[in-house]
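The next block holds one structure in the form of structure tokens; read it before the comments.
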Number of protein chains: 2
Amino acid sequence: MANEQLQEAIDALKSTKVRMTPQRHAILEYLYNSMSHPTADEIYKALEGKFPNMSVATVYNNLRVFKDVGIVKELTYGDSSSRFDCVTTEHYHVICSDCGKIVDFHYPGLNEVETLAEHVTGFKVDNHRMEVYGTCPDCSQQTQH
Amino acid sequence: MANEQLQEAIDALKSTKVRMTPQRHAILEYLYNSMSHPTADEIYKALEGKFPNMSVATVYNNLRVFKDVGIVKELTYGDSSSRFDCVTTEHYHVICSDCGKIVDFHYPGLNEVETLAEHVTGFKVDNHRMEVYGTCPDCSQQTQH
DNA sequence: TCTTACATTGTAATTCTTATAAATTATTTT
DNA sequence: AAAATAATTTATAAGAATTACAATGTAAGA
């Protein structure tokens, strides 16, 4: 279950000046339990039942708070809106260029890349982002015939 | 000089149904000569002198055309607008989290990652994207004292 | 309890990007 | 070379995603 990780995230927030609110809890819960990488709007819609009065602004505000604390990552792609992913174990994404499906896969951290970049550019590097693009099995099949 | 590469790009366009226009030439020229990674608006502003009547839509349209032909890449980051980079040799970017500065660095292609992703997910992989984030020398100095 | 600081809500505003239609320019056909 | 066709540009409007703002609400500390 993702519940331990959710708890860790909540604890991480407690140690800052960030207060825990029902809305925040719900957003975090949704993020940690959903295996997908939802957009702000998807989160908003998903929580409409529980919080009929919640504002979209709240979702955006809190996602930013979580991002600043470092427990959530924003994924931006060319088109459409940003997607949000909770930072758990180190993993990367494969994205289908046709349908947009996102699948996780694990790969040992690319520390060498960070080190090289530091040396070559003089930057103080602290993280990186990588995505792999291709066609998912479903879309591959459809274009076959 | 980047002029040979610019010429190659123009030749690449000629082999398609894409027509060469003064605006397109200017946009390409700007992209290939600027060492930065300009936004659509930056390009627009930069060419205002030469083409006082050019529309922002033209810039966007043509960047998309170039993207489709494969001679330009779109870089999307969390905030602000997309940046555009001409596809020359394989390289990656280090981005300053403070000021947004982008610096290129070379790194041998990460083919193993693509291969692994293919095996694990069943996708047909054809490319990847990677960026390294950190603080640039200038910004590092400023926060020191 | 009172005060202060942080959060939420609703809405308006902003920003980036795309769609559309008319006018213009480039290519192809005759 | 002129006419016909196709692609392009322009200007503007529309759209979508995100943020700003002011008012209200809620939690924590003195």
Side-chain angles (χ1 to χ4, degrees), chain A residues 9-10 12-30 37-69 71-85 100, chain B residues 10-30 37-69 71-85 100:
Chain A
I10 293 173
L13 282 176
K14 270 206 184 119
S15 65
T16 66
K17 282 182 191 292
V18 177
R19 294 178 183 161
M20 186 48 56
T21 67
Q23 292 91 333
R24 282 186 180 157
H25 191 99
I27 294 172
L28 278 179
E29 200 175 25
Y30 182 78
H37 307 79
T39 63
D41 201 59
E42 278 165 13
I43 298 173
Y44 173 64
K45 294 235 167 68
L47 301 180
E48 243 179 358
K50 243 186 186 167
F51 297 87
N53 297 331
M54 187 165 65
S55 168
V56 208
T58 301
V59 178
Y60 277 102
N61 284 342
N62 288 329
L63 286 171
R64 182 165 35 180
V65 169
F66 299 155
K67 231 173 58 182
D68 291 347
V69 175
I71 59 179
V72 161
K73 229 187 216 169
E74 183 177 1
L75 311 172
T76 58
Y77 305 117
D79 315 44
S80 60
S81 32
S82 288
R83 303 186 153 275
F84 296 87
D85 189 21
Chain B
I10 293 172
D11 292 346
L13 282 176
K14 269 203 186 120
S15 65
T16 66
K17 283 181 189 289
V18 177
R19 294 178 183 165
M20 186 48 56
T21 66
Q23 292 90 333
R24 282 188 179 154
H25 192 99
I27 294 171
L28 277 178
E29 200 176 25
Y30 183 78
H37 306 79
T39 62
D41 201 59
E42 278 165 14
I43 298 173
Y44 173 64
K45 293 233 168 69
L47 301 180
E48 242 178 358
K50 243 187 187 167
F51 298 86
N53 298 331
M54 188 166 64
S55 168
V56 208
T58 301
V59 178
Y60 277 103
N61 285 340
N62 288 329
L63 286 171
R64 182 166 34 181
V65 170
F66 299 156
K67 232 174 56 182
D68 290 348
V69 176
I71 59 181
V72 161
K73 229 188 219 169
E74 183 176 2
L75 312 172
T76 58
Y77 306 119
D79 315 44
S80 60
S81 34
S82 288
R83 304 186 153 274
F84 296 87
D85 188 21

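Proteins get letters first, then strands, A, B, ... in listed order; numbering begins at 1 in each. Just so we're clear, the structure is a prediction, and the values are computed from it rather than from any experiment.
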Practice task
Starting at NZ of B/Lys73, measure out to CG of B/Asp85 and round the result to the nearest 0.5 Å.
Solution key: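 Taking NZ in B/Lys73 and CG in B/Asp85, the distance rounds to 7.5 Å.
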Handout entry: Approximate separation, where rounding is to 0.5 Å, of B/Leu28 CG and B/Leu13 CG
Key =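 Taking CG in B/Leu28 and CG in B/Leu13, the distance rounds to 6.0 Å.
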Name the nucleic acid region contacted by [X], choosing base, sugar-phosphate or nothing; use a 4.0 angstrom heavy-atom cut-off, strictly under.
| X | value |
| --- | --- |
| A/Thr58 | base |
| B/Val56 | nothing |
| B/Asn62 | sugar-phosphate |

Separation of [N] [atom2] from [X] [atom1] (nearest whole Å):
| X | N | atom1 | atom2 | result |
| --- | --- | --- | --- | --- |
| B/Phe84 | C/dT17 | CZ | P | 6 Å |
| A/Glu48 | C/dT9 | CD | C1' | 14 Å |
| B/Met20 | C/dT27 | CE | P | 10 Å |
| A/Leu28 | C/dA7 | CG | C1' | 15 Å |
| B/Leu47 | D/dT10 | CG | C1' | 15 Å |
| B/Leu63 | C/dT18 | CG | P | 10 Å |
| B/Glu42 | C/dT15 | CD | P | 15 Å |
| B/Glu74 | C/dT18 | CD | P | 7 Å |

Problem - C/dA7 base / A/Thr21 side chain donor-acceptor hit below 3.5 Å - result: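 Looking at the base of C/dA7, it does not pair with any donor or acceptor on the side chain of A/Thr21 (distance under 3.5 Å).
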Problem - Side-chain donor/acceptor of A/Arg19 to base of D/dA28, under 3.5 Å - result: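 Looking at the base of D/dA28, it does not pair with any donor or acceptor on the side chain of A/Arg19 (distance under 3.5 Å).
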Considering only [options], which nucleotide approaches the side chain of [X] most closely?
| X | options | result |
| --- | --- | --- |
| B/Asn61 | D/dT9, C/dT8, C/dT9 | D/dT9 |
| B/Asn53 | D/dT10, D/dT18, C/dC16 | D/dT10 |
| A/Ser82 | D/dA6, D/dT18, C/dA5 | D/dT18 |
| B/Ala57 | D/dT9, C/dT17, D/dT10 | D/dT10 |
| B/Ser81 | D/dT9, C/dA26, C/dT17 | C/dT17 |

Problem - Lys/Arg-Asp/Glu bridge criterion (N-O < 4.0 Å) met for A/Lys45, A/Asp41 - result: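 Salt bridge present between A/Lys45 and A/Asp41.
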Below 4.0 angstrom from OP1 or OP2 of [N], is there any side-chain N or O of [X]?
| X | N | result |
| --- | --- | --- |
| B/Arg64 | C/dT17 | no |
| B/Gln23 | C/dT25 | no |
| B/Tyr60 | C/dT18 | no |

Problem - Non-hydrogen side-chain atoms of A/Ile27 and A/Phe66 separated by less than 4.5 Å - result: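 A/Ile27 vs A/Phe66: side chains touch.
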Exercise for the section: Answer whether the closest heavy-atom distance between the side chains of B/Met20 and B/His25 falls below 4.5 Å. Expected result: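 Of all side-chain heavy-atom pairs linking B/His25 with B/Met20, at least one is under 4.5 Å.
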Exercise for the section: Spell out, as yes or no, whether a donor-acceptor pair under 3.5 Å connects the side chain of B/Arg24 to the backbone of B/Asn62. Expected result: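 No; judged by distance alone, with no hydrogens or angles, the pair does not exist.
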Exercise for the section: By nearest nucleotide on DNA chain D, pick out whichever of B/Arg24 and A/Ala40 is the more 5' one. Expected result: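 It is B/Arg24 whose nearest nucleotide is closer to the 5' end.
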Exercise for the section: Hey, which sits more toward the 5' end of DNA chain D by its nearest nucleotide, A/Asp41 or B/Pro52? Expected result: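 Comparing both residues, the 5'-ward one is B/Pro52.
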